[in-house]
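Before any comments, here is the structure.
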Amino acid sequence: MDEYAWAVHFSAAYMELICHVEVLLRNVVHRELTQQRSNSAGAWFDDHQYVQLSGPALASIRKARRRITSSGHTPTADRVVAGLTFDFWRFLFVAAHQIDVWRRVRHGLKGLPGSRRGTNHFAIFERAVVDVYDLRNRVAHHEPIRLSTALQNHESILLLAEYIDPAARSWLESISRVGPLLAARPGFPPRPTSSLQAYGRRKRRNQR
């Protein structure tokens, strides 16, 4: 029972970080697609010539609007953006949106890895989004986090934050409970929390 209770706390520590990264992701997308749009009428997600959203994405927007309206509020662009799920944001970073989304959003990303010739920044960023999205789904569906991938999962979250803004990564590292919880796993010798930082440094070196 102690291990079960610990596992719930451990998953919750990941979800805390994922929530922050999801907000970072949706904010940079919303900001860049809003600022770079010449037509000021309406929201970017309603301009189907500006961004060609899929049927499921449009359905998500309608659903968000219905929830906002039914709660007695006006469905402003900011409220709709806040009401969209991670599914919506994840599927903006697919090959079909390289022109209408990626080429606009990439200018707002402050921490993409070095710009060596031939670096496929879209593939790097998409991989980071997918890794966090998959982890979020596992945690949300109460699937256990494997200890063998614990450091990799933690770094995946921090890496996506870093691509958006390196300062966000630093902040997430400062508030993360993953390291202390790893060290406090019941029935096992304490694990050094410094291993989280060491793993992160190796991953960043490999990205350069």
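For clarity, every value in this text was computed on a predicted model and none was experimentally measured.
Both L24 and V178 belong to a single network of hydrophobic side chains, linked directly or stepwise wherever heavy atoms of I, L, V, M, F, W or Y lie under 4.5 Å apart. When the side chains of ILVMFWY residues are joined at heavy-atom separations under 4.5 Å, either directly or via intervening members, L172 and M15 end up in a single hydrophobic cluster. Side-chain heavy atoms closer than 4.5 Å link hydrophobic residues (I, L, V, M, F, W, Y) into clusters, and following such links, even through other members, never connects I99 to V28. By the rule that hydrophobic residues join a cluster once side-chain heavy atoms approach within less than 4.5 Å of another member, L181 and I175 end up as members of one cluster. The hydrophobic clustering, which links ILVMFWY residues whose side-chain heavy atoms are closer than 4.5 Å, places V23 and L158 apart.
Between F10 and Y14, the two ring planes are perpendicular [angle over 60°; tilted spans 30° to 60°]. Below 30°, between 30° and 60°, or above 60°: for W171 and H20 the angle between ring planes is above 60°, a perpendicular geometry. Between Y163 and F125, the angle of the ring planes lies from 30° to 60°, which puts this pair in the tilted group.
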Practice task
Could you please spell out the steps behind the side-chain contact (heavy atoms from CB on, under 4.5 Å) verdict for L84 and I61?
Solution key: CA-CA 7 Å; L84 294 169; I61 292 169; 4.1 Å; yes
Exercise for the section: Run the numbers on W102 and H121 for side-chain hydrogen bond (donor to acceptor under 3.5 Å, both in side chains), then give the verdict. Expected result: CA-CA 10 Å; W102 171 249; H121 284 115; over 6 Å; no
Exercise for the section: Check the pair Y133 / F91 against side-chain contact (heavy atoms from CB on, under 4.5 Å), numbers first and verdict last. Expected result: CA-CA 10 Å; Y133 175 75; F91 287 106; 3.8 Å; yes
Handout entry: Residues S11, H142; criterion side-chain hydrogen bond (donor to acceptor under 3.5 Å, both in side chains); working and verdict
Key = CA-CA 8 Å; S11 293; H142 314 296; over 6 Å; no
Exercise for the section: Verify salt bridge (Lys or Arg N to Asp or Glu O under 4.0 Å) between E22 and R136, making sure each step is shown before the conclusion. Expected result: CA-CA 10 Å; E22 181 178 350; R136 179 258 179 208; 5.0 Å; no
Problem - R138 and E143: CA distance, side-chain angles, deciding distance, salt bridge (Lys or Arg N to Asp or Glu O under 4.0 Å) verdict - result: CA-CA 5 Å; R138 291 201 303 275; E143 296 179 23; 5.0 Å; no
Exercise for the section: May I have the step-by-step check of side-chain contact (heavy atoms from CB on, under 4.5 Å) for L17 and V132, ending in yes or no? Expected result: CA-CA 10 Å; L17 301 178; V132 174; over 6 Å; no
Practice task
Could you check D100 against H97 for side-chain hydrogen bond (donor to acceptor under 3.5 Å, both in side chains), going step by step and ending with a plain yes or no?
Solution key: CA-CA 5 Å; D100 58 359; H97 285 305; 3.0 Å; yes
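Taking 4.5 Å as the limit, every side-chain heavy atom of R146 sits out of range of all side-chain heavy atoms of Q152. Residues V29 and F93 are in side-chain contact: their nearest non-hydrogen atoms beyond the backbone lie under 4.5 Å apart. Residues W44 and H30 have side chains in contact (heavy-atom distance under 4.5 Å, counting atoms from C-beta outward). D165 is not listed as a side-chain neighbour of L109, based on a closest heavy-atom distance of 4.5 Å or more. L58 is listed as a side-chain neighbour of H48, based on a closest heavy-atom distance under 4.5 Å. Contact of the L33 side chain with the Y50 side chain is registered, since non-hydrogen atoms from C-beta on lie closer than 4.5 Å. V105 places none of its side-chain heavy atoms less than 4.5 Å from the side chain of L92.
The residues D131 and R127 are annotated as salt-bridged, a charged nitrogen and a carboxylate oxygen being separated by less than 4.0 angstrom. A salt bridge links R169 with E155: the distance from a Lys NZ or Arg NE/NH1/NH2 to an Asp or Glu carboxylate oxygen falls below 4.0 Å. By the 4.0 Å N-to-carboxylate-O rule, R65 lies close enough to D46 to be salt-bridged with it. A salt bridge does not link R106 with E32: every distance from a Lys NZ or Arg NE/NH1/NH2 to an Asp or Glu carboxylate oxygen is 4.0 Å or more.
Around atom NE2 of H107, more than 12 heavy atoms belonging to other residues, nucleotides or ligands sit under 6.0 Å away. For Q98, the CD atom counts as densely surrounded, since its 6.0 Å shell holds more than 12 non-hydrogen atoms of other residues, nucleotides or ligands.
A donor-acceptor pair is defined here as one N or O able to donate and one able to accept, closer than 3.5 Å; no such pair exists between the side chain of T149 and the backbone of I145. A donor-acceptor pair under 3.5 Å is formed between the side chain of S70 and the backbone N or O of R67.
How far CG of D78 is from CG of N27: 9.0 Å, rounded to the nearest 0.5 Å. Atom CZ of R185 sits about 5.0 Å away from atom CD of E3, to the nearest 0.5 Å. Separation of atoms CD1 (I157) and OG (S176) is listed at 7.5 Å; rounding is to 0.5 Å. Taking CZ from F86 and CG from N137, the interatomic distance works out to 8.5 Å, rounded to the nearest 0.5 Å. With values rounded to the nearest 0.5 angstrom, L160 atom CG is found 11.5 Å from L135 atom CG. How far CG of L25 is from CD1 of I164: 5.0 Å, rounded to the nearest 0.5 Å.
Taking both residues in full, the closest heavy atoms of T74 and R79 are given as O-NH1, 2.9 Å, listed atom of the first, atom of the second, then distance. In terms of heavy-atom proximity, A123 sits nearest to N120 at N-OD1, 3.0 Å. D47 and R37 get closest at one heavy-atom pair: OD2-NE, 3.0 Å. The two residues P75 and V80 make their nearest non-hydrogen contact at O-CG2, 4.0 Å. The minimum heavy-atom distance between F88 and S60, with the atom names listed, is CD1-CB, 4.3 Å. When every heavy atom of A168 is checked against every heavy atom of A161, the shortest pair comes out as CB-O, 4.1 Å.
A cation-pi arrangement is absent between R26 and W89 under the rule of less than 6.0 angstrom and at most 45 degrees off the ring axis.
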